[in-house]
Structures are given as C-alpha cells and as structure tokens.
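This structure is a prediction, so every number in the text was calculated from the model and none was measured.
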Amino acid sequence: MKFVLSVIIVVLLAFLPFAQQGDVQCVTYNEDNSSFPTSVCYNWNQLPTGELFVSGNAGLYRFDGVNFYHYATRGRGVSISTSVADKNGRLWCNSFHGDVYYMEDDSLIRHPISNTIRGLTALRLMNGRLFLYTEKTLFEIDPESLEINFLREFSMIRTLFEANNQAYLLNSLEDNQTEVVNLATMQS
C-alpha cells in the first residue's frame, strides 16, 4: 500500500509543473493582439452576427478578431458576470452588483429593473426564452418590448436546466426536499 501511495505521489509531483497557471495571449494568424485587460474572465458570448463579447472583472469587451473594445469603463458596469444573446440576437448582461444591461445601438444600457433587484442575478436562455433569476425570484425577459416580467417567487432557486427539450428549475424547499418545476407551464 505504501509503495502504491509513493508511486502516486511521484507521478503527481512529476506533472505538477504542467498544472501551474500561466499568462494567456490571444494570437490571430501571427499577429499579437492587445491583451485582455483583466486576469479574470467569466464568460464569452458570440452573437448571430459573429460579434464576440467577453465579460470579466473589468467589464464587457467586444473582440473584433484583432482588438478588444471596452463597453463599461467605471461604476457599476464593471464586473460583468454573464452575457447572453436573446432569440433576436440582442446581448443581455448582468453584473455582480445586481445590475442588468442590454446592448442597444452598440451601447450598454442599464435596465430599470436594476433599481429594484438587490443581489446577484443570473441569466439563462432555454428553448428560446431568456430567464433572469435571483436567489428566490424568477423573471422572463421579453426581447421584443425589453420588459422583464415577474414569473414567481421560490424558496431557493438552485439552478435552471434543460432536459429532453424542456426547461426546468430546481427549487430547494424548506424541509430539505427539492422541487422540479417545468417552466413551460409558466407564462409572463
């Protein structure tokens, strides 16, 4: 047993230098691009038009294949946690400050619901429907009117997910039970 443990430790130590994190550079063909201005990126989203957006600690950036262009330079628009394109191709974002944004005419616009939502939010596109949720509240975003409509309050939203082309929500109940809610039954 000690021999097996010793072999495992030696193998792990041999591969340890390969597991260290290094700097990442973006290269297109043989051109060095301007580096992304933050060491933490949370997600990327490519619109149907081909535009690529990267969100991170420093805000939201559009990448044109050569350079990054910044959309939020200061204030609460910094620390964009997620970006999602709705079924019409409009980009929606949220921040770690509880703010919700959408892209309009190449500008990042803060949605008025940001004044009422306190805390972290998450965005999820499922079956063509764009959902915004907090720890306890579920909303749906209407891509036509830009309205964010309240759907329902829950005990504790754990996650939204898709299975068999259906959208579901996991709700933790107070008695250590989990409720699975089919979102097809919910309309805004």
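Atom CD in Glu140 sits 4.0 Å away from atom CZ in Arg129 (nearest 0.5 Å). The structure places CD1 of Ile113 at 11.5 Å from CG of Asp99, a figure rounded to the nearest 0.5 Å. Rounding to the nearest 0.5 Å places CG of Leu47 at 11.5 Å from CG of Asn88. Taken from CG in Leu123 to CZ in Phe131, the straight-line distance is 12.0 Å, to the nearest 0.5 Å. Rounding to the nearest 0.5 Å gives a distance of 11.5 Å between CD1 of Ile109 and OG of Ser114. Distance CG/Asn171 to CD/Glu153: 10.0 Å, rounded to 0.5 Å.
The shortest non-hydrogen separation linking Ser155 to Ser172 is CB-O, 3.1 Å. Nearest approach of Gly128 to Lys87, heavy atoms of both residues: O-CD, 3.5 Å.
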Legend entry - side chain to side chain contact (heavy atoms under 4.5 Å, CB included) between Ile157 and Leu169, intermediate numbers included: CA-CA 7 Å; Ile157 298 173; Leu169 176 144; 4.0 Å; yes
Inset, instruction - List the steps, then state whether side chain to side chain contact (heavy atoms under 4.5 Å, CB included) holds for Leu52 with Arg62. - result: CA-CA 6 Å; Leu52 180 67; Arg62 179 177 56 83; over 6 Å; no
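Ring geometry for His111 versus Tyr102: interplanar angle over 60°, hence perpendicular rather than tilted (30 to 60°). Between Phe150 and Phe139, the ring-plane angle classifies as perpendicular under the 30° and 60° cut-offs.
Contact of the Val54 side chain with the Leu60 side chain is not registered, since no non-hydrogen atoms from C-beta on lie closer than 4.5 Å. Using a 4.5 Å cut-off on side-chain heavy atoms (C-beta onward), Tyr101 and Ile80 make contact. Proximity of Asn127 to Glu162: side-chain heavy atoms (C-beta onward) are separated by under 4.5 Å at one or more points. With contacts defined as side-chain heavy-atom distances shorter than 4.5 Å, the pair Ile148/Trp92 qualifies. The closest side-chain heavy-atom distance from Leu146 to Arg90 is below 4.5 Å. Cys93 is listed as a side-chain neighbour of Leu108, based on a closest heavy-atom distance under 4.5 Å.
For the side-chain contact (heavy atoms from CB on, under 4.5 Å) with Val84, the lone residue among Leu125, Leu91, Leu132, Asn94 that qualifies is Leu125.
Following chains of ILVMFWY side-chain contacts shorter than 4.5 Å, one cannot reach Leu173 starting from Val181, and the two form parts of different hydrophobic clusters. Transitive grouping of hydrophobic side chains (ILVMFWY, heavy atoms separated by less than 4.5 Å) keeps Met156 and Phe154 in distinct clusters. Tyr133 and Leu170 fall into different hydrophobic clusters, defined by Ile, Leu, Val, Met, Phe, Trp and Tyr side-chain heavy atoms under 4.5 Å apart, directly or through other members. Hydrophobic clustering, with ILVMFWY side chains joined whenever heavy atoms are under 4.5 angstrom apart, keeps Leu138 apart from Tyr168.
Look at Glu104 and Arg110 and you find no salt bridge, because none of the NZ, NE, NH1 or NH2 atoms lies under 4.0 Å from a carboxylate O.
The backbone N or O of Ala184 sits less than 3.5 Å from a side-chain atom of Asn182, completing a donor-acceptor pair. The backbone N or O of Thr134 sits nowhere less than 3.5 Å from a side-chain atom of Thr137 that would complete a donor-acceptor pair.
Taking a 6.0 Å sphere around CG of Asn115, one finds it holds more than 12 heavy atoms contributed by other residues, nucleotides or ligands. The number of heavy atoms from other shown groups lying within 6.0 Å of CG (Asn176) does not exceed 12.
Every residue meeting the side chain to side chain donor-acceptor pair (under 3.5 Å) condition with Ser145, not counting sequence neighbours, appears here in chain and number order: Asp142.
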